[in-house]
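Notes to accompany the following structure.
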Amino acid sequence: MLSQGISPDCYVLPSVVKATAGLSSLKTGVQVHCLAFVNGHHSDSLLLSSLVHFYLKCDRLMEARKVFDRIPRPNVVACSALLSGYARKGCVEETKELLGEAVEMGLELNSVSWNGMIAGFNHSRHFKDSILMFRDMHSEGFKPDGTSISSVLPAVGDLEMLPCGVQIHGCVIKQGLSQDNWVVSSLVDMYGKCARPNEMSKVCEELHEMDVGACNALITGLSRTGCVEGALKRFKQFKRQGLNLNVVSWTSMIASCSQNGKDMEALELFREMQMEGLKPNSVTIPCLLPACGNIAALMHGKAVHCFSLKNWVSNDVYVGTALIDMYANCGRIQLSRRCFDSMPRRNLVSWNALLGGYAMHGKTKEALEVFNLMQKSGQEPDFISFTSVLSACSQGGLTEEGKFYFDSMSKDYGIEPRLEHYSCMVSLLGRAGRIVEAYTMVKQMPMEPDGCIWGPLLSSCRVHHNLAIGEIAARKLFELEPNNPGNYVLLSNIYASKSMWVEVNSVREMMKSKGLRKNPGCSWIEIKNKVHMLLAGDNLHPQMPEITKKLGELRVEMQKSGYLPHTDFVLQDVEEQDKEEMLCDHSEKLAVALGLLNTSRGFPLQVIKNLRICGDCHAVIKFISEFEDREIFVRDTNRFHHFKDGACSCGDLW
DNA sequence: CTAGGGTTAG
């Protein structure tokens with residue numbers, strides 16, 4: 001149009017401005033603004049109105065206001081846009097002032113104006129103001145419509161606000177909006193956040209025809225209240241009934257599974273959704289990837305990575321971050337790094353994912369390098385970054401450096417230490433054998449220590465055979481988490497290592513009287529795209545005879561080279577010979593043996609375990625890594641062990 | 001011929 005020599009008038013310009021707002025391109029919009037100005041359109045209301053909207057879209061509140069003030073006779077539309085803009089930014093005072101000015105100018109506000117402010121305040125997390133606006137709207141004589149309801153409901157996010165939510169539900173019924181799908185979705189979401197599963201179902205049942213949005217909110221709500229089984233049941237039921245489930249439905253269900261320990265189900269759902277002809281998007285991928293990481297399903301994870309490359313979502317910052325996390329959890333920290341380096345954009349979470357990965361792998365030097373690098377790149381660390389830094393120092397035995405970072409955190413960064421930071425410090429001091437110092441720190445903490453403090457203290461007492469402090473820590477843990485069998489096992493391990501069998505027995509009696517049993521050890525290993533689960537003392541796996549035979553052969557080889565079993569990891573007071581046999585059926589050994597049997601020499605294995613790896617298994621796997629020429633990754637609840645050529649990356653300290 | 005508001009997945 002311009003190259004034809006036609007100068008744009010005040011009719012076409014608002015459309016052009018709208019297009020630039022859609023692009024969120026500040027530069028282009030400003031050019032159009034200039035163009036309008038030189039063409040003499042200084043004071044056209046509609047044009048200036050569209051510019052107000054444009055500047056708001058680009059997050060330029062001041063400019064938007066300046067343009068608004070040049071409108072000769074501002075109308076409701078422009079004013080409403082500015083009002084919602086102020087609310088979106090959380091400018092409560094400005095919103096109220098402008099509201100006053102609007103009345104002075106004689107502007108008649110309408111529902112759209114109110115709804116914009118209500119939604120805006122929720123956007124800026126000013127939930128109370130959102131609800132106040134909803135009330136004001138009502139007292140100004142406006143009846144809430146469907147938009148008002150779904151705009152205000154996100155303000156009700158917890159039990160404290162539930163009474164407000166119930167009142168709003170009352171409005172819904174009174175205004176006859178019970179069949180409005182958007183309203184119902186928001187209501188279900190609200191009851192889900194307030195942990196009211198019965199109310200969720202009730203609202204859905206009252207719908208004449210179930211809506212996919214309400215279904216999605218229901219699935220998320222059920223999983224949020226810890227009921228994945230229920231969510232899966234409803235999901236299958238809706239699918240059977242022929243409800244048109246969309247990407248959001250499938251993604252919600254996948255997220256719900258991967259967040260609640262149903263990792264295999266999440267992978268299966270991903271496959272199914274594609275068979276149903278639905279295309280996973282850039283949200284589906286980061287919902288699914290944690291499932292791969294949780295069970296160290298590296299092949300599945302790589303397949304998902306390929307999928308994201310093929311479908312052009314791999315540049316998404318959430319996808320990239322989830323990939324970093326997945327590879328780290330699958331034992332491939334170098335691949336995490338490669339993903340990180342190839343990301344076009346990163347945020348705090350991406351940096352923390354890499355930092356946490358290095359910490360979990362005990363790569364202290366790399367973790368500290370990344371910590372420096374992130375700051376050089378202008379990314380401020382947060383409390384999570386410090387948790388990883390301290391944990392890395394603890395894993396690497398950098399006691400003094402750890403103390404330095406701990407002090408620096410509050411002094412130089414203004415981040416007050418939380419429980420998890422103290423927890424790292426207890427591990428840090430404890431592993432250095434400075435048990436008394438660790439205990440002193442616990443006693444001086446400004447907050448009440450919980451299980452994440454006493455637990456590591458007890459563990460280090462177990463490693464360093466400190467009976468006195470171990471007993472104190474154990475007593476606290478028995479109060480705080482009476483049903484956690486691990487604590488009883490640790491204390492009895494300390495007694496057992498000192499041959500105090502009477503005490504060992506009394507701890508075992510305590511466990512028995514509470515009906516507690518030692519948590520069954522459980523390991524997973526992925527072989528040729530199939531994930532195998534092995535339990536301690538497993539008899540179910542079809543290859544069990546071969547596994548036992550393999551382990552027997554290995555034991556003979558080990559004894560030839562002077563290996564002695566670490567029998568103090570066996571709880572029971574039994575004969576030495578039996579103890580050795582008990583060590584032999586630990587699940588991590590079974591998983592490694594299964595891997596050896598089913599893959600060719602030189603192929604790396606990765607195993608994950610639901611408890612901490614035991615000292616004997618650690619020694620055995622070190623031997624295997626050399627004897628069988630295998631790299632073996634074992635992830636336990638605490639960290640990664642990378643076995644290679646007879647040594648472990650943890651340096652035998654964990 | 002032109003300008004304004006909402007829910008459900010990370």
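All values reported here derive from a predicted model rather than from experimental measurement. Proteins get letters first, then strands, A, B, ... in listed order; numbering begins at 1 in each.
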(message) Considering every strand and a 4.0 Å limit on heavy-atom distances, what is the contact class for A:D44: base, sugar-phosphate, or nothing?
(response) nothing

(message) If you compare every side-chain N and O of A:H53 against the phosphate oxygens of B:dA3 (OP1, OP2), does one of them come in below 4.0 Å?
(response) no

(message) Between A:E140 and A:R135, does any NZ, NE, NH1 or NH2 come within less than 4.0 Å of an OD or OE carboxylate oxygen?
(response) no

(message) From C-beta outward on A:Y318, which listed nucleotide comes closest to its side chain: B:dT8, B:dG10, B:dA3?
(response) B:dG10

(message) For A:M62, is the CE atom crowded, meaning more than 12 foreign heavy atoms sit under 6.0 Å from it?
(response) no

(message) Between B:dG10 and A:D316, counting only base atoms on the nucleotide and side-chain atoms on the residue, is there a donor-acceptor pair under 3.5 Å?
(response) yes

(request) Ignoring hydrogens and angles, tell me if any N or O in the side chain of A:S185 forms a donor-acceptor pair with the backbone of A:N181 under 3.5 Å. (result) yes

(request) May I have the distance from A:D211 (atom CG) to B:dT7 (atom P), rounded to whole angstrom? (result) 15 Å

(message) Strictly below 4.0 Å, N to O, side chains only: are A:R70 and A:D44 in salt-bridge contact?
(response) no

(request) Spell out, as yes or no, whether a donor-acceptor pair under 3.5 Å connects the side chain of A:D382 to the backbone of A:S385. (result) yes

(message) Considering every strand and a 4.0 Å limit on heavy-atom distances, what is the contact class for A:A78: base, sugar-phosphate, or nothing?
(response) nothing

(message) Under a 3.5 Å threshold, yes or no: a donor from one side chain and an acceptor from the other, between A:N216 and A:S249?
(response) yes

(message) Is the distance from the ring center of A:F270 to that of A:W250 below 6.0 Å?
(response) no

(request) Give one of base, sugar-phosphate or nothing for A:T284, where a contact means two heavy atoms less than 4.0 Å apart. (result) nothing

(message) Within the structure provided, determine whether A:F54 and A:H33 are in side-chain contact (heavy-atom separation under 4.5 Å).
(response) no

(request) Specify the separation, in whole Å, of atom CG of A:L207 and atom P of B:dT7. (result) 18 Å

(request) Within residues 182-203 of chain A, find the residues that approach DNA chain B with a heavy atom at under 4.0 Å, and present them sorted by residue number. (result) A:W182, A:S185, A:S186, A:D189

(message) Once you apply a heavy-atom cut-off of 4.0 Å, does A:S15 come out as touching a base, just sugar-phosphate, or nothing?
(response) sugar-phosphate

(request) Find the distance A:N347:CG to B:dG10:P and express it as a whole number of Å. (result) 16 Å

(message) Please determine whether a side-chain nitrogen of the Lys or Arg among A:E94 and A:K89 lies less than 4.0 Å from a carboxylate oxygen of the Asp or Glu.
(response) no

(message) Taking any heavy-atom pair under 4.0 Å as a contact, classify A:N110: base, sugar-phosphate, or nothing.
(response) base

(message) What is the distance, to the nearest angstrom, from the CE atom on A:M117 to the C1' atom on B:dG6?
(response) 15 Å

(request) Examine distances only and state if a side-chain atom of A:D9 and a backbone atom of A:V12 form a donor-acceptor pair shorter than 3.5 Å. (result) yes

(request) Take the protein atom CG of A:N216 and the nucleotide atom C1' of B:dG10, then report the distance between them rounded to whole Å. (result) 14 Å

(message) Over all strands shown, is A:T251 touching base, sugar-phosphate only, or nothing at heavy-atom distances under 4.0 angstrom?
(response) base

(message) Output the rounded distance in Å from CG (A:N115) to P (B:dG5).
(response) 11 Å

(request) Name the closest nucleotide to the A:C287 side chain, picking from B:dA9, B:dG5, B:dG4. (result) B:dA9

(request) Could you list by number each residue of residues 123-153 of chain A showing a heavy-atom separation from DNA chain B of less than 4.0 Å, or answer none if no residue does? (result) A:D145, A:G146, A:T147, A:S150, A:S151

(request) Side chain of A:S50 only, please: which of B:dG10, B:dA3, B:dG4 is the nearest? (result) B:dA3

(request) Take atom CG of A:L218 and atom P of B:dA9, then tell me their distance rounded to the nearest Å. (result) 12 Å

(message) Between P on B:dG10 and CD1 on A:I254, what's the gap in Å once rounded to a whole number?
(response) 12 Å

